[in-house]
4 protein chains.
Amino acid sequence: MPNLVSRRQFTVEWAHCDPAGIVFNSRFFEYFDWGTWILFETALGVKPENMSGALGIILPLVDVSARFVTPARFGDVVELYSQIGEFRRSSFDVAHRLMIAGALAVEGRESRVWATRDAASPSGIKALPIPDDIVSRFQM
Amino acid sequence: MPNLVSRRQFTVEWAHCDPAGIVFNSRFFEYFDWGTWILFETALGVKPENMSGALGIILPLVDVSARFVTPARFGDVVELYSQIGEFRRSSFDVAHRLMIAGALAVEGRESRVWATRDAASPSGIKALPIPDDIVSRFQM
Amino acid sequence: MPNLVSRRQFTVEWAHCDPAGIVFNSRFFEYFDWGTWILFETALGVKPENMSGALGIILPLVDVSARFVTPARFGDVVELYSQIGEFRRSSFDVAHRLMIAGALAVEGRESRVWATRDAASPSGIKALPIPDDIVSRFQM
Amino acid sequence: MPNLVSRRQFTVEWAHCDPAGIVFNSRFFEYFDWGTWILFETALGVKPENMSGALGIILPLVDVSARFVTPARFGDVVELYSQIGEFRRSSFDVAHRLMIAGALAVEGRESRVWATRDAASPSGIKALPIPDDIVSRFQM
C-alpha cells in the first residue's frame with residue numbers, strides 16, 4: 001500500500017486571496033502540483049528539477065478535482081499532506097489533504113500518467129508501465 | 001432544462017503556460033470562474049460586478065473538477081462554453097467545455113451554492129433556495 | 001519615430017483581484033506582457049506563437065516598472081495601449097498605458113533585449129542588433 | 001537608518017515558470033509583496049493578517065520596479081532579502097534582493113503609502129504621517 005505521506009507547511013499569502021478574502025480556487029491546484037513534486041522527492045530522493053532527467057519520465061495531469069470544506073484565509077498556516085491514492089498500470093492518483101488548524105479545509109485528487117516523450121505519437125507522449133521499484137518507494 | 005450556453009473566446013497567453021509549453025492546470029479554473037460569471041451575465045443581464053448587490057447572493061464554490069483531453073498551447077484560440085449542468089434546491093453545477101480548433105480540449109464542472117452572507121452562521125453564509133424565476137432564465 | 005500603438009480591450013476578472021477588491025499588482029505585468037506580444041503582432045504581422053520561429057529571436061525582459069494611478073476593480077473595462085518607447089541598438093522599451101473609463105489607471109514600462117539563443121554564451125543568449133526593417137515596422 | 005533586513009527562503013515551483021523554463025516576471029511581484037509583509041512582521045511583531053486591524057493602516061502600492069539580472073529556474077532555492085529603502089513623511093520604499101546560490105538574480109523596489117481608509121476622500125484613502133515609533137522599529 002502506498003502509505004508514504006509527504007507534508008508541506010506554508011502560509012496563505014495576500015496574493016492568493018480574492019475579493020471575498022479567501023484563497024481563490026485556482027491556487028489550490030498550484031498547491032497540489034507542488035505537493036506532488038514534494039511527494040516524489042520524498043519517495044524517490046530526486047529533486048523536482050532533476051526528476052525528468054533522472055527518471056526519463058514526465059507526469060502529465062489528466063484529471064483533477066477539489067472539494068472545498070472550509071475557506072482558507074490570508075495568514076492561515078496550511079499543512080498540505082500528499083499521498084498516492086492508487087497506482088494503476090501506467091497511471092496513478094495523488095490524494096491531497098489541506099489542513100488548517102487541524103481541520104480539513106480542502107481535499108484534492110490528481111490523476112497523472114507515467115509517460116515519456118514520444119515524437120512518433122500523435123499526442124507527443126507515450127504511457128509506460130510504472131516500474132515496481134518505483135511503486136515500492138511509496139511504501140514506508 | 002437549463003439549455004442556455006454562454007460562449008467566450010480568448011487566446012492562450014504566454015503567461016498561462018508552463019515549462020512544458022502548455023497551459024498550467026490552475027489557469028483552467030480561472031477560465032471556468034470567468035465562464036460562470038459570463039453565463040450569469042448572459043442569463044440574468046446583470047454585470048458580474050453588480051451581481052452580488054443586485055441579487056443579494058454569493059455563489060461559493062464547493063466542488064470543482066477538470067478532465068484534460070488535449071493540451072492547450074500558447075496562441076491557441078479557445079472557445080469556452082458554459083452551461084448549467086443541474087439546478088438543485090440551493091446549489092447548482094456549471095459545466096464548462098473548452099474547445100480548441102473545434103475539438104474538446106478540457107471539460108470542467110463547478111458546484112456552487114446559492115447563498116447569502118449570514119453573520120449568525122458559523123460558516124458566515126446561509127444557503128437559500130434558488131428562485132424559480134432565476135432557474136427559468138437559464139432556459140432559452 | 002515608433003508611433004504605432006496597439007490596443008487591447010479586456011475586462012478585469014474576479015480572479016485578478018485581491019482582498020482589497022482591486023487588481024493585485026502582479027497581474028498588471030501579465031497584462032503588459034500580453035500587450036507586448038500584441039504590439040509585435042500588430043507591427044510585424046506574425047502571431048505570437050510563431051514569432052520566435054519566424055524571426056529567430058527571443059525578447060528577454062531585463063527591467064520592468066509600473067506606476068499605479070487609480071485602482072482597477074472587478075468588472076472594469078480596460079483599454080491597454082502599448083507602444084515602443086525607444087529602440088536602442090539591441091534593446092528596446094515598451095510603454096504601456098492602461099486606461100479605465102478614459103482615465104489613466106496604470107503606466108508601465110518594459111525593457112527587453114533583442115536576442116537569440118546561444119549555447120556558447122554563459123547566459124545562454126546573445127544580444128543582436130535590431131534590424132532597421134524591424135524598427136521601421138513600428139512607424140505608422 | 002532602517003537597516004533591519006528580513007529574509008525568506010523558498011523554492012521556485014513548476015507553476016511559477018513559463019515556456020522558457022524560467023520564472024515569469026509577474027511572480028516576482030508576488031514574492032516582493034510577501035517579502036514586505038514578512039519585513040513588517042519582523043519589525044513590528046504583528047502577523048500580516050492582523051496588521052491592518054492592529055495598526056489601523058493599509059499600505060497601497062503606488063510604484064514598483066524590478067531589474068532581472070539572472071533567470072530564476074524551477075527548483076532554484078531563493079533567498080529573498082527585504083529592507084526599507086527610505087522612509088518619507090507618509091510613504092516609503094521597500095528594497096528587495098532575490099539571491100540564488102549567493103548571486104543577485106533580481107532586484108526590486110516597491111513604493112507604498114502609509115494610509116487609512118477615508119470614505120470622504122475621492123480615492124477612498126488618506127495618507128498619514130508615518131509615526132516615529134514605527135520608523136524606529138526598522139532599525140536594529
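The sequence lines fix the lettering, A, B, ..., with proteins before strands; numbering per chain opens at 1. Note: hydrogens, waters and symmetry copies are ignored here, and every other heavy atom, side chains too, is used.
Atom CZ of C:Arg88 has more than 12 heavy atoms from other residues, nucleotides or ligands within 6.0 Å. A 6.0 Å sphere centred on CG of B:Asp133 holds more than 12 heavy atoms belonging to other residues, nucleotides or ligands.
Between C:Ala15 and B:Glu30, the shortest heavy-atom distance links the atoms CB-CG, 4.1 Å.
With respect to chain B, the highest number of heavy-atom pairs below 4.5 Å among C:Phe74, C:Phe10, C:Phe29 belongs to C:Phe74.
Two rings, from B:Trp37 and C:Trp14, have their centers less than 6.0 Å apart.
One finds a salt bridge joining C:Glu13 and B:Arg8 here, because a Lys/Arg side-chain nitrogen approaches an Asp/Glu carboxylate oxygen to under 4.0 Å.
Here the CD-OG1 distance, from B:Glu49 to C:Thr11, works out to 8.0 Å after rounding to the nearest 0.5 Å.
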